[in-house]
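Working notes, beginning with the structure itself.
Proteins get letters first, then strands, A, B, ... in listed order; numbering begins at 1 in each. Only a predicted model underlies this, so the values are computations on that prediction, with no experimental measurement involved.
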Protein chains: 2
Amino acid sequence: MEPRDLRKAGLKATTPRLRILEILQEGGPQHLSAEDIYRRLADAGDDVGLATVYRVLTQFEQAGLVTRHNFASDHSVFELESGRHHDHMVCVETGRVVEFANDDIERLQREIAGRHGYDLVDHSLVLYVRPKPNPTS
Amino acid sequence: MEPRDLRKAGLKATTPRLRILEILQEGGPQHLSAEDIYRRLADAGDDVGLATVYRVLTQFEQAGLVTRHNFASDHSVFELESGRHHDHMVCVETGRVVEFANDDIERLQREIAGRHGYDLVDHSLVLYVRPKPNPTS
DNA sequence: ATGCCTGCAAAGCTTTTGCAGATGC
DNA sequence: GCATCTGCAAAAGCTTTGCAGGCAT
């Protein structure tokens, strides 16, 4: 992710924006709340206001750079847009998030919508899961 | 839904609780927000506090009488538990909610979770749809 | 009678907004 | 230099909680 990706979206390449992009691409796929990002910035010595984090994330979402999820009902988490569509499973014990994609499910969704006289615009699928019990025990 | 269903859940059969159940079962499947229910009560002349509506709905949810959904991220809607599992599609133009069930999708979800070493505990699937354009136009 | 319930008001939380100063281009 | 952007503080909107009085059993 580069400054020019921001300009392309009509956004100036400011420190808060670049830092938030960096944090979102650290390590594997990140699913972070605004508060998470705010704290990571603070821990790194960047004094970015929480309001700015929210504003920037909203702008990124509108620009299509970031996707907003509501795995829990009381706050949103944000993920860098990869271009590859996928859904998520969330472990109810550890909170771990796993991404997956399944063409059959995607197709069935379109079929079901069509059967009811609708076109599918978007969808949200979250699997809440628990680790399988260990078979050796 | 009867007073004894409430007692079975350890809840006294009070007027607010009975009225809220009544409202939830009026007409077809209802997907109402706390505010919706609060206003319907007020319109019917029942002075039930909004806090009570929230408290009662939370109790009903814990008792398994009601299901909470988060179709929109900024408020919850509640639905009487019918015993028949189903998912939902929401029309992005009218807000209309349609229920549907599909065994293939259910099965695929369990398979995908299993493939990743998890058991499926629960899931949330919402289709956001738009009416098909009229073919005669 | 007593313990559960309710209404009201206040508080909690995430998220948004107003505004004056700061910064990118 | 000028428009955009940011930090701070305040506000907003949904939801929860504390408390004193009220109701079901």
Is any side-chain N or O of T14(B) closer than 4.0 Å to OP1 or OP2 of dC4(C)? no
Could you tell me the separation between the CG atom of L11(B) and the P atom of dC4(C), rounded to a whole number of Å? 12 Å
Electrostatic pair K132(B)-D119(A), nearest N-O below 4.0 angstrom: no
Whether H31(A) and H88(A) hold their rings parallel, tilted or perpendicular, with breakpoints at 30° and 60°: perpendicular
Please check if atom CG in D74(B) has more than 12 non-hydrogen atoms from other residues, nucleotides or ligands closer than 6.0 Å. yes
Should E26(B) and R40(B) count as an ion pair when the cut-off is N to O under 4.0 Å? yes
What nucleotide among dT25(D), dT6(C), dT6(D) has an atom nearest to a side-chain atom of P16(A)? dT6(D)
For V48(A) and for T52(B), locate the closest nucleotide of DNA chain D by heavy-atom distance; then report the residue assigned to the nucleotide nearer the 5' terminus. V48(A)
Between atom NZ in K12(B) and atom P in dG22(D), what is the gap in whole Å? 16 Å
I20(A) CD1 - dG7(D) C1' separation (whole Å): 13 Å
Rounded distance (Å) that lies between atom C1' of dT6(C) and atom CD of Q59(B): 11 Å
In this structure, how many angstroms lie between the C1' atom of dT23(C) and the CG atom of L6(A), rounded? 15 Å
Please tell me if R17(B) has a side-chain N or O lying less than 4.0 Å from either OP1 or OP2 of dT6(C). yes
R7(B) vs dA24(D): side-chain N/O to OP1/OP2 distance below 4.0 Å: no
Could I get a table of every N or O pair under 3.5 Å where one atom is in the protein and the other is in nucleotides 13-16 of chain C?
{"from": "dT15(C)", "atom 1": "OP1", "to": "S76(A)", "atom 2": "N", "distance (Å)": "2.9"}
{"from": "dT15(C)", "atom 1": "OP1", "to": "S76(A)", "atom 2": "OG", "distance (Å)": "3.3"}
{"from": "dT15(C)", "atom 1": "OP2", "to": "Y54(A)", "atom 2": "OH", "distance (Å)": "2.4"}
{"from": "dT15(C)", "atom 1": "O5'", "to": "Y54(A)", "atom 2": "OH", "distance (Å)": "3.3"}

Using whole Å, what does the distance between atom P of nucleotide dT16(D) and atom OH of Y38(B) come to? 16 Å
What is the distance, to the nearest angstrom, from the CG atom on L57(B) to the P atom on dT17(D)? 15 Å
If you draw a 6.0 Å radius around CZ in R84(B), do more than 12 non-hydrogen atoms from other residues or ligands fall strictly inside? no
Axis deviation across the helix from dA1(C)-dT25(D) to dC25(C)-dG1(D), five-pair ends, to the nearest 10°: 30°
Out of the candidates L65(A), L6(A), L11(A), V66(A), only one should pair with Q59(A) under the side-chain contact (heavy atoms from CB on, under 4.5 Å) rule; please name it. L11(A)
Length of the line joining D47(A):CG and dA9(D):P, which is rounded to integer Å: 13 Å
Can a salt bridge be assigned to the pair R107(B) and E111(B) using a cut-off of 4.0 Å between side-chain N and carboxylate O? yes
Within the 6.0 Å centroid threshold, strictly below: Y118(B) and H116(B): no
State yes or no: are the ring centers of H123(A) and H85(A) separated by less than 6.0 Å? yes
